[in-house]
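Notes follow once the structure below has been shown.
Residue numbers start at 1 and run along the sequence shown.
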Amino acid sequence: MVFAWFRRPFSSRFFDCIFDRGPYGIFLVFGSLIGRGPIFVGACFSGSFFWFSWSCASGFLFGWQMEERQDREVSRMRDEINELLEKLKFSEEESTRVVSTCEGSNPRSFESWAIGKIMAIKKPNKEAMYRVFKSLWFTKEEVDFVALKEGVVIVKFGCMEDRSRILNLSPWLFDRCLFSIVPFEKGKEMDTYEFWMSPFWLRVYNIPIELMDRQMALDIGNTIGELVAIDWKDRNGGWTEFMRLKIKINVLRPLRRIVRLVDKNGVETIGILKYERLPDFYYECGIIGHTDKKCSLTSEVVGLNGQSPQFGSWMRAPTGTQNMDRALRRNGV
């Protein structure tokens, strides 16, 4: 049987070994290549490279599938526990309660925690996200991540200073997906956190310079969403090209593209909105985290039926202006 295998054509033997036996097949090919020195070396190298690439790809897919499976198992287990507790009748002994005496003196207590969620239909690898954020944040104390159900993640900062700084530098992106992060609140249900409200730096272009004042900035910010901060300088040292505002917006709605301004004489001006560090969004619906394959609104939005998309890359503000802090330019991957 062995001799019959060696009598088969070389190409048939080689690919059978590589695909069926992995690296071990390389050594089986050795027997049929004695005396063919250069051919043997090339075959071994090619086979080993193929097997290595195949192993890496398989490992990545396996890790992603395991992570998805763990999320489903955690969610299913929580549902089963809640359903079971509703059916049980507790005895007097089981009704005894354990009262917490912790006064929050632990520097790593829940008061310095935050809670976040990836706002995208296609979720990235969470373990990779944890490693990247740890390397970007440069926290004074160690930070830990705890995954909960439905993609929610508790971020355990070691001190309030770290948490405040990271929250102030929002939004945070990983793999061009928005990681919405908010302060953790004791006793608050996961479903009540407003992950869909996330702050972004917006630039308002095409505004007459005589309208660029404090009151106009407040009015524009509160019209678009919840005004968080105002940057009083652009690249030229003052408001000349655009107004820069940090506004908390609802990421479940289509991105706003313009704002209409009217001066005291009734003359209307249309300001164009551009977003800094804007995550991936679908150009047909304009919603952050949507894709062409996973969007339930594409049949209802403008931009279909032969018309050009109403959203696009022009909504992204150019990065790297002179007065931007380096930390503002690195809060994402």
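- No side-chain donor from either of N82 and E86 sits under 3.5 Å from a side-chain acceptor of the other.
- L178 is connected to I154 through a chain of hydrophobic side-chain contacts under 4.5 Å among Ile, Leu, Val, Met, Phe, Trp and Tyr, so both are in one cluster.
- A 6.0 Å sphere centred on CD of E268 holds more than 12 heavy atoms belonging to other residues, nucleotides or ligands.
- Between R165 and D162 there is a side-chain heavy-atom pair separated by less than 4.5 Å.
- Distance check, rounded to the nearest 0.5 Å: CG of L173 to CE of M129 gives 11.5 Å.
- Considering CD1 of I247 and CD1 of I224, their distance stands at 4.0 Å, rounded to 0.5 Å.
- The shortest distance between side-chain heavy atoms of S112 and C159 does not fall below 4.5 Å.
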Open item on the list: If you apply the rule side chain to side chain contact (heavy atoms under 4.5 Å, CB included), what do you find for L273 with R203, and how did you get there?
Closed with: CA-CA 6 Å; L273 302 181; R203 301 183 189 180; over 6 Å; no
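- Inter-residue side-chain proximity for V143 and W137 is flagged as met; some heavy-atom pair is nearer than 4.5 Å.
- N125 CG to R131 CZ: the interatomic distance, rounded to the nearest 0.5 Å, is 6.5 Å.
- A 4.5 Å side-chain heavy-atom check between I181 and I115 finds every atom pair outside the cut-off.
- Taking OH of Y130 as the reference point, atom NZ of K134 lies at 10.0 Å (rounded to 0.5 Å).
- Using a 4.5 Å cut-off on side-chain heavy atoms (C-beta onward), R277 and F200 make no contact.
- P318 and Y205 get closest at one heavy-atom pair: CD-OH, 4.1 Å.
- To the nearest 0.5 Å, the span separating CG on L202 from CD1 on I249 amounts to 6.0 Å.
- In this structure, V262 is not a member of the same hydrophobic cluster as I272, with clusters built from ILVMFWY side-chain heavy atoms closer than 4.5 Å.
- Of the possible donor and acceptor atoms, none in the side chain of R257 sits under 3.5 Å from a partner among the backbone N and O of K274.
- Smallest separation of non-hydrogen atoms from D280 and R176: OD1-NE, 2.7 Å.
- In this structure, P124 and I118 approach most closely via the heavy-atom pair CD-CG2, 3.7 Å.
- Annotation: the span from L167 atom CG to F157 atom CZ amounts to 6.5 Å, rounded to 0.5 Å.
- The two atoms that bring M119 and L252 nearest to each other are CE-CD2, 4.1 Å, heavy atoms only.
- F133 has its ring centre less than 6.0 Å from the ring centre of F179.
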Open item on the list: Between M190 and F195, does the side chain to side chain contact (heavy atoms under 4.5 Å, CB included) criterion hold? Intermediate values first, please.
Closed with: CA-CA 10 Å; M190 300 299 171; F195 296 116; 5.9 Å; no
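- Cluster membership check: L88 shares its hydrophobic cluster with I81, using side-chain heavy-atom separations under 4.5 Å among Ile, Leu, Val, Met, Phe, Trp and Tyr.
- The closest side-chain heavy-atom distance from L227 to I220 is not below 4.5 Å.
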Task: Stepwise side chain to side chain contact (heavy atoms under 4.5 Å, CB included) test for F281 and I287 - done: CA-CA 5 Å; F281 65 99; I287 298 180; over 6 Å; no
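- V228 and V251 fall into different hydrophobic clusters, defined by Ile, Leu, Val, Met, Phe, Trp and Tyr side-chain heavy atoms under 4.5 Å apart, directly or through other members.
- Checked for salt-bridge contact, E83 and K87 meet the test: a charged N lies under 4.0 Å from a carboxylate O.
- I209 and M243 sit in two unconnected hydrophobic clusters of ILVMFWY residues. Membership requires side-chain heavy atoms under 4.5 Å apart, directly or through other members.
- In this structure, R316 forms no cation-pi arrangement with Y275, as its terminal cationic atom is not both closer than 6.0 Å to the ring centre and no more than 45° off the ring axis.
- You'll find the ring centres of F242 and W201 outside the 6.0 Å limit.
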Task: E141/E161 under side chain to side chain contact (heavy atoms under 4.5 Å, CB included): CA gap, chis, key distance, verdict - done: CA-CA 10 Å; E141 303 289 341; E161 181 180 353; over 6 Å; no
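- K248 has its side chain within reach of M197: a pair of non-hydrogen atoms, C-beta onward, lies under 4.5 Å apart.
- Judged by a 6.0 Å distance limit and a 45° cone about the ring axis, K156 is not positioned over the six-membered ring of F145.
- Minimum interatomic distance between E111 and R163 (heavy atoms only, all atoms of both residues): O-NH1, 3.2 Å.
- Between L278 and I288, the shortest heavy-atom distance links the atoms CD1-CD1, 4.1 Å.
- One N or O on the side chain of D263 and one on the backbone of N265 form a donor-acceptor pair closer than 3.5 Å.
- V182 is not listed as a side-chain neighbour of K117, based on a closest heavy-atom distance of 4.5 Å or more.
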